[in-house]
Protein chains: 2
Amino acid sequence: MDKPTTKDLAKAAGVSLATVDRVLNTRAGVRQATVERVQRAIREINFVRDMSAANLARKKEYKVVFLLPDHDDEFIDLIQNEIAKTARFLAYERTVVSIIRAPANDPHRVAEQMDNLSINEIDGVAIMAPETPQVRDAILRLEAQGLAVVAFVSHQPNAEGANYVGINNEAAGRTVGQLMARFTGMRQGTVLVLTETMQSRDSQERRLGFDTIMEKYSSRLKVSPSMETYGDALRSEKIIKMALQSQPPFVGIYLMNHDVRKTMQVIDELGIAQQTIIIGHELTSYTRARLVDGSIDAVITQDVGHLVRSSIRVLRAKITHMPSVASQERIRVEIILRENMPEEFHSENM
Amino acid sequence: MDKPTTKDLAKAAGVSLATVDRVLNTRAGVRQATVERVQRAIREINFVRDMSAANLARKKEYKVVFLLPDHDDEFIDLIQNEIAKTARFLAYERTVVSIIRAPANDPHRVAEQMDNLSINEIDGVAIMAPETPQVRDAILRLEAQGLAVVAFVSHQPNAEGANYVGINNEAAGRTVGQLMARFTGMRQGTVLVLTETMQSRDSQERRLGFDTIMEKYSSRLKVSPSMETYGDALRSEKIIKMALQSQPPFVGIYLMNHDVRKTMQVIDELGIAQQTIIIGHELTSYTRARLVDGSIDAVITQDVGHLVRSSIRVLRAKITHMPSVASQERIRVEIILRENMPEEFHSENM
DNA sequence: GCCAAAATGATGTACGTACCTCAAAAAACC
DNA sequence: GGTTTTTTGAGGTACGTACATCATTTTGGC
């Protein structure tokens with residue numbers, strides 16, 4: 001037997017096509033009892049609405065927005081790139097994506113941008129911004145208006161409705177810890193933890209995971225407190241130099257933020273990359289080069305293409321009230337060494 | 001301006017809808033000159049056919065078959081599971097998948113199964129079978145009939161038409177090598193390489209990659225020749241015992257085949273898991289447990305869900321002559337430690 | 001049991017493409 | 001230049017769903 005259509009469903013439920021339509025699209029004017037009858041029939045005949053046909057009929061374009069921080073680092077670039085790449089492909093699926101930017105460290109401005117969205121005809125938003133009360137409230141406002149929201153890369157645990165699309169940062173921290181412990185072999189010494197800021201929840205979670213593992217190796221490895229560079233090269237230099245003089249000697253560096261560039265420059269100048277295990281985050285063309293030349297030993301990353309596509313799929317599923325495949329939307333904590341580094345892609349077709 | 005439709009295309013090309021249809025669906029009875037005119041117009045107005053609408057109109061189901069080895073190991077189970085999971089989701093996209101099995105080590109039987117396919121109305125096939133002349137020829141026959149073919153997990157380099165969906169096994173071998181070198185710290189000794197068989201190309205490529213890396217560490221680490229277990233526990237035991245008595249002592253084991261189970265049992269009995277770095281392939285519930293209890297140190301794997309979905313997407317793209325996003329279809333060599341192990345999934349919706 | 005209100009049915013059009021038939025026009029042949 | 005053959009056009013129906021309108025039935029209130 002073929003897949004049941006709305007017609008079959010109407011017959012099975014003993015109602016007219018019009019009523020089926022009302023129930024499927026949650027229109028008003030149907031008795032609760034009838035709604036239930038239709039829903040039961042849906043289950044009974046295992047009806048699934050043909051979304052292609054539905055979209056066609058709707059002639060609707062799903063408008064989805066990515067709200068990204070407005071500072072430019074390589075990670076953000078990667079994301080933008082990937083969105084652009086995906087966008088073309090998405091034309092086939094009646095989905096239009098756009099990007100807006102907001103200063104991530106100014107929650108009010110971010111919230112303001114989000115509030116602006118509601119006015120336009122937007123169906124879903126993926127938000128990458130640190131968790132703050134302002135942002136949380138803005139998310140709730142968007143959701144109240146019926147917009148679909150996902151938390152993109154940055155977790156928003158206090159806005160429950162917004163599915164999180166990103167890695168488990170604590171697991172990422174643990175992974176770095178384990179690699180650090182193993183890669184330093186039997187050596188004794190200190191591991192330096194450098195980060196742009198410890199303000200963000202992501203950093204805190206990574207640190208937590210990292211420490212969990214390092215504790216097990218405390219007889220051999222000491223861990224520095226998180227040193228905040230604020231993206232400042234001079235400050236990084238001072239911190240690293242100080243650490244260099246510490247006893248016992250330091251054996252590893254954990255670069256906890258996306259933008260490893262500035263810090264690596266300092267490390268280069270000091271010429272300590274080779275004898276030190278350096279682990280960072282996010283696979284960019286910069287960290288790729290560093291993996292290749294051996295100055296960075298491992299990179300923990302999340303597949304940016306996956307992030308983007310997953311966000312869009314989840315948004316679309318929420319917008320159309322369809323289920324999504326959870327296992328497909330889980331973002332993995334990936335370990336990249338020189339050996340398993342995927343090629344960089346430029347062409348998009350095959 | 002909205003996305004152009006066939007109507008716009010007809011206008012742009014200065015022909016009728018009927019002719020556009022003839023060109024798009026490569027029907028006979030159109031002069032070459034006209035065909036080119038339409039194709040030029042396609043490029044000019046950037047027309048992309050709405051596949052949802054096309055599929056709807058065709059009322060066609062894309063029938064796709066996975067041809068898997070008929071022996072049961074955990075990896076195959078995973079694949080079957082994932083196919084089943086994906087199948088439900090695929091109903092939305094007019095795609096029906098099924099699975100057939102063939103004895104992987106009997107190329108004639110495999111080819112026979114493949115030839116049977118052509119009779120039925122099948123649109124695409126994903127083939128997981130060792131590369132042999134028989135299989136290669138069968139692939140060519142299928143392609144000659146217009147079927148789409150991908151090489152699933154097992155590379156088929158001599159059947160060029162069949163896109164390979166799977167990891168780069170040499171890179172996987174290199175990755176294992178690097179991890180082995182690093183995880184063994186400064187220790188000196190031998191690394192044992194165990195495999196079910198070296199017959200398969202996959203094994204050979206992994207070995208090649210592995211050796212490339214181990215060579216760099218030759219002053220510290222010796223590598224055993226590939227020991228073939230033929231899936232035989234007794235044989236494994238003998239091999240491992242022999243290695244135990246070797247000088248220098250052995251420090252690592254590389255389990256190169258999917259089915260690590262039997263070999264791990266022997267390793268358990270000998271009680272050598274703790275002091276030895278053990279690295280295997282494929283994340284199954286068995287290797288998961290082994291990662292958790294620490295008896296396996298790392299697993300190199302490929303995302304099975306990704307493998308399956310990617311194969312289907314590539315097949316569908318080939319069937320409909322649509323482009324596919326290469327970067328999305330590249331399968332990564334994933335490193336899994338206890339710390340970054342993704343949760344095992346059972347429920348499928350969110 | 002009457003009336004208004006609410007619920008349901010019937011029906012038509014649309015979305016963008018495929019596929020079919022028949023008619024008309026253009027090209028090729030002799 | 002007339003005839004056959006090939007190419008093109010015109011138009012309709014279908015796919016499964018959305019959405020709108022209007023007619024009809026059912027329900028609830030009194």
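For the OP1/OP2 pair of D:dG16 and a distance below 4.0 Å, the side-chain nitrogens and oxygens of A:Thr5 include no atom meeting the criterion. Taking side-chain N and O atoms only, A:Arg31 has no distance below 4.0 Å to OP1 or OP2 of D:dT26. For B:Arg58, no side-chain nitrogen or oxygen approaches OP1 or OP2 of D:dC15 to under 4.0 Å. One finds no side-chain N or O of A:Lys7 lying less than 4.0 angstrom from the OP1 or OP2 phosphate oxygen of D:dG16. Look at B:Ser16 and you won't find any side-chain N or O under 4.0 angstrom from OP1 or OP2 of D:dA10. Between B:Thr6 and the phosphate of C:dG16, there is no side-chain N or O to OP1/OP2 separation shorter than 4.0 Å. Between A:Arg27 and C:dA7, a side-chain N or O to OP1/OP2 separation shorter than 4.0 Å is absent.
Across the protein-nucleic acid pair, B:Leu24 atom CG and C:dT17 atom C1' stand 9 Å apart, rounded to whole Å. Rounded to whole Å, the distance from CZ on A:Arg22 to P on D:dA18 is 13 Å. At whole-Å resolution of the value, CG in B:Asn55 and P in D:dT17 are 14 Å apart. Whole-Å rounding puts the A:Leu56 CG to D:dA18 C1' distance at 10 Å. Per the geometry, CG belonging to A:Asn25 stands 13 Å off C1' belonging to D:dA20, to the nearest Å. D:dT26 atom C1' lies 13 Å from atom CZ of A:Arg37, rounded to whole Å. Note: CD (B:Gln32) to C1' (D:dT6) measures 15 Å, nearest angstrom. One interatomic measurement links the two molecules: CG of B:Asp8 to C1' of C:dT17, which rounds to 13 Å at whole-angstrom precision.
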Item checked: side-chain hydrogen bond (donor to acceptor under 3.5 Å, both in side chains) evaluation trace for B:Glu329 with B:Ser310 -> CA-CA 5 Å; B:Glu329 313 309 353; B:Ser310 199; 2.4 Å; yes

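Considering only side-chain atoms of A:Val30, the nucleotide from C:dT8, D:dT17, D:dT8 that sits closest is C:dT8. Residue A:Thr19 has its side chain nearest to C:dT8 when only C:dA18, D:dT8, C:dT8 are considered. Nearest nucleotide to the side chain of B:Asp50, out of D:dT8, C:dA7, C:dT17: C:dT17.
Taking every heavy atom of both residues into account, A:Gln113 and A:Ile100 meet most closely at OE1-CD1, 4.2 Å. In plain terms, the two heavy atoms of A:Val135 and A:Ala129 that are nearest each other are CG2-CB, 4.5 Å.
Judged purely by distance below 3.5 Å, without hydrogens or angles, the side chains of B:Arg49 and B:Asn25 pair a donor atom with an acceptor atom. Between B:Asn46 and B:Lys3, the side chains place no donor N or O within less than 3.5 Å of an acceptor N or O (distance only, hydrogens not considered).
When each of A:Ala18 and A:Gly29 is assigned the nucleotide of DNA chain C bearing its nearest heavy atom, the one mapping closer to the 5' terminus is A:Gly29.
At a threshold of 4.0 angstrom between heavy atoms, the contacts of B:Asp21 include nucleobase atoms, whether or not backbone atoms are also involved.
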